[in-house]
Amino acid sequence: MSSARQSIPPSPTAARLATALSNGVTSNGAMSTAETSAKTQHIWLVTGPAGCGKSTVAKHIADSLHLPFIEGDEYHPKANIDKMSAGIPLTDADRWDWLTALREASIHELDKGSDGVVLTCSALKRKYRDVIRVAPYFTPNVHLHFIYLDAPEEVLLQRVAARKNHYMGANMVHSQFEVLERPKADEVDVITIDVTRPVEAVMVDALDKAIKTMDSTVQQ
C-alpha cells in the first residue's frame with residue numbers, strides 16, 4: 001500500500017462527530033459530560049507490520065477528524081534507524097524507549113487540548129501494545145484504541161519492495177512477521193482491518209469504524 005496521500009471525499013459523519021466532540025455535544029444533540037468534567041479524548045494507534053499502510057490510513061483518519069497526527073517512525077532514535085537500514089531487526093530493548101516516547105507524545109497532544117490524536121506504531125507484540133495502554137490509566141476520560149492493519153506476509157513484501165527512499169527494506173518484513181503477535185479476541189480495544197483490498201476501501205472502512213467507536217463513546 002502506497003504511503004501517498006489519497007483523495008477520498010470527506011465524510012459528513014466525520015465532520016459531524018468532530019464538531020460534536022469539540023463542542024461537548026453528542027450526535028443526538030444532547031450535552032455531553034465534557035462540559036461539567038474533563039472532556040472525552042481519544043488516542044488512536046494505527047498498527048501493523050511494514051508495508052501495511054499505517055501512515056496512509058492514520059493520516060486519513062487524522063485529517064477527516066481534524067486531529068493531530070504523529071508519525072511513529074520519526075521517533076526512532078538514530079541507532080534504531082541505522083540498525084533497520086542495515087537489515088538488523090530491532091530487539092525488545094531497542095523498542096522500549098521508542099514506545100515510551102510515542103506514549104508521551106500522544107499524552108502531550110491531549111494535554112494541549114486536542115480532542116484526540118492519531119499515531120502510527122508497528123506494535124508487533126502484545127507487550128508493546130501494553131506499553132501504550134498505560135497512557136489512560138489515571139485519566140478515565142481518555143479512551144485508547146488500536147487499528148490493526150492485517151495482510152499476509154507476501155502481500156507486504158511486494159509493497160515494501162516497491163517503495164523508494166525508505167530505510168525499511170523488504171528483508172525486514174520477514175523479521176517482523178517472525179515476532180508478530182496478531183491481536184487476540186481478548187484485546188477488546190483493537191479493530192482489525194483487512195488491507196489486502198484497494199487502499200481507498202481500507203481508508204473508508206478504517207474511518208467508518210473509528211467514527212462508530214468514538215460516536216458510541218460520546219453518547220455514553
Side-chain angles (χ1 to χ4, degrees), residues 1-28 32 34 38-49 52-72 102-103 105-107 109-110 112-123 128-129 132-133 135-136 139-151 182-220:
M1 184 181 298
S2 170
S3 61
R5 191 182 297 271
Q6 303 291 324
S7 177
I8 301 293
S11 165
T13 308
R16 171 181 60 77
L17 180 60
T19 300
L21 286 170
S22 62
N23 290 341
V25 180
T26 65
S27 59
N28 63 7
S32 76
K39 68 178 180 179
T40 299
Q41 296 173 299
H42 298 266
I43 300 174
W44 283 98
L45 276 88
V46 181
T47 72
C52 67
K54 294 185 290 292
S55 296
T56 300
V57 172
K59 287 177 182 177
H60 179 58
I61 294 173
D63 289 348
S64 299
L65 297 178
H66 310 293
L67 299 176
F69 166 70
I70 295 174
E71 174 57 71
L102 289 179
R103 186 182 68 206
S106 65
I107 294 173
E109 290 295 338
L110 299 186
K112 292 194 295 185
S114 173
D115 294 311
V117 60
V118 185
L119 61 152
T120 59
C121 174
S122 54
Y128 299 164
R129 297 187 285 276
I132 308 296
R133 286 186 172 112
T139 49
N141 60 300
V142 175
H143 300 268
L144 180 69
H145 321 273
F146 295 87
I147 294 180
Y148 172 68
L149 304 182
D150 188 40
R182 285 184 168 86
K184 295 183 179 180
D186 64 330
E187 294 185 72
V188 295
D189 52 4
V190 181
I191 297 168
T192 298
I193 303 285
D194 173 15
V195 298
T196 61
R197 301 168 292 166
V199 61
E200 293 83 4
V202 171
M203 293 164 71
V204 169
D205 190 18
L207 176 61
D208 180 64
K209 286 182 169 60
I211 288 170
K212 288 179 179 177
T213 300
M214 294 174 71
D215 207 10
S216 65
T217 302
V218 171
Q219 294 183 55
Q220 289 178 358

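All residue numbers in this chain count up from 1 along the given sequence.
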Between OG1 of T47 and CZ of R182, what distance do you get to the nearest 0.5 Å? 11.0 Å

Would you compute the distance between atom CG of L65 and atom CD1 of I211 and round it to the nearest 0.5 angstrom? 5.5 Å

Got a sec, which residues hit side-chain hydrogen bond (donor to acceptor under 3.5 Å, both in side chains) with R129, two or more places apart in sequence or on another chain? E187

L119 vs V46, side-chain contact (heavy atoms from CB on, under 4.5 Å): CA-CA, chis, key distance, verdict: CA-CA 6 Å; L119 61 152; V46 181; over 6 Å; no

Measuring from D205:CG to I191:CD1, what's the distance to the nearest 0.5 Å? 9.0 Å

Scan side-chain atoms only and decide if S114 and E109 contain a donor-acceptor pair under the 3.5 Å cut-off. no

Is there a side-chain contact (heavy atoms from CB on, under 4.5 Å) between L67 and I61? Walk through the geometry before answering. CA-CA 8 Å; L67 299 176; I61 294 173; 5.5 Å; no

Using atom types as modelled and distance alone, determine if a side-chain donor or acceptor of K39 lies under 3.5 Å from a backbone N or O of G113. yes

How many angstroms lie between CZ in R103 and CD1 in I107, if you round to the nearest 0.5 Å? 6.5 Å

Under a 4.5 Å cut-off applied to non-hydrogen side-chain atoms, are V57 and L149 in contact? yes

Partners passing ring-ring contact (aromatic ring centres under 6.0 Å, His included) against F146 (at least two apart in sequence or in another chain): none

Quick check against the 3.5 Å criterion: does K54 have a side-chain atom that pairs as donor or acceptor with the backbone of P49? yes

Could you tell me if the side chain of H42 sits less than 4.5 Å from the side chain of D115, heavy atoms only? no

Would you say the side chain of H143 lies within less than 4.5 Å of the side chain of P136, judging by non-hydrogen atoms? no

Counterpart residues, salt bridge (charged side-chain N to carboxylate O under 4.0 Å, His left out), relative to K184 (two or more places apart): none

So which atom in V118 and which in A58 form the shortest heavy-atom distance, rounded to 0.1 Å? CG1-O, 3.6 Å

State which residues pass side-chain hydrogen bond (donor to acceptor under 3.5 Å, both in side chains) with D194; sequence neighbours excluded, sorted by chain then number. T196

May I ask you to decide if L110's main-chain N or O and Q41's side chain share a donor-acceptor pair within less than 3.5 Å? yes

Identify the two heavy atoms, one from K209 and one from I193, that lie closest to each other, and give their separation to 0.1 Å. CD-CD1, 3.4 Å

Separation between CG of L144 and CD1 of I132, rounded to the nearest 0.5 Å: 8.0 Å

Heavy-atom donor-acceptor pair, S216 side chain to T213 backbone, under 3.5 Å: yes

Looking at every heavy atom in both I43 and S106, which two are closest together, and how far apart are they? CD1-OG, 3.9 Å

In this structure, CZ of F69 is separated from OG1 of T120 (nearest 0.5 Å) by 4.5 Å

In chain order, what residues pass the side-chain contact (heavy atoms from CB on, under 4.5 Å) check against D208, with sequence neighbours excluded? K212

Mind running side-chain contact (heavy atoms from CB on, under 4.5 Å) on L102 and I70 for me, showing each step along the way? CA-CA 8 Å; L102 289 179; I70 295 174; 4.2 Å; yes

Identify the two heavy atoms, one from A151 and one from V195, that lie closest to each other, and give their separation to 0.1 Å. CB-CG2, 3.5 Å

Taking side chain as C-beta onward, heavy atoms only, is H145 less than 4.5 Å from L45? no

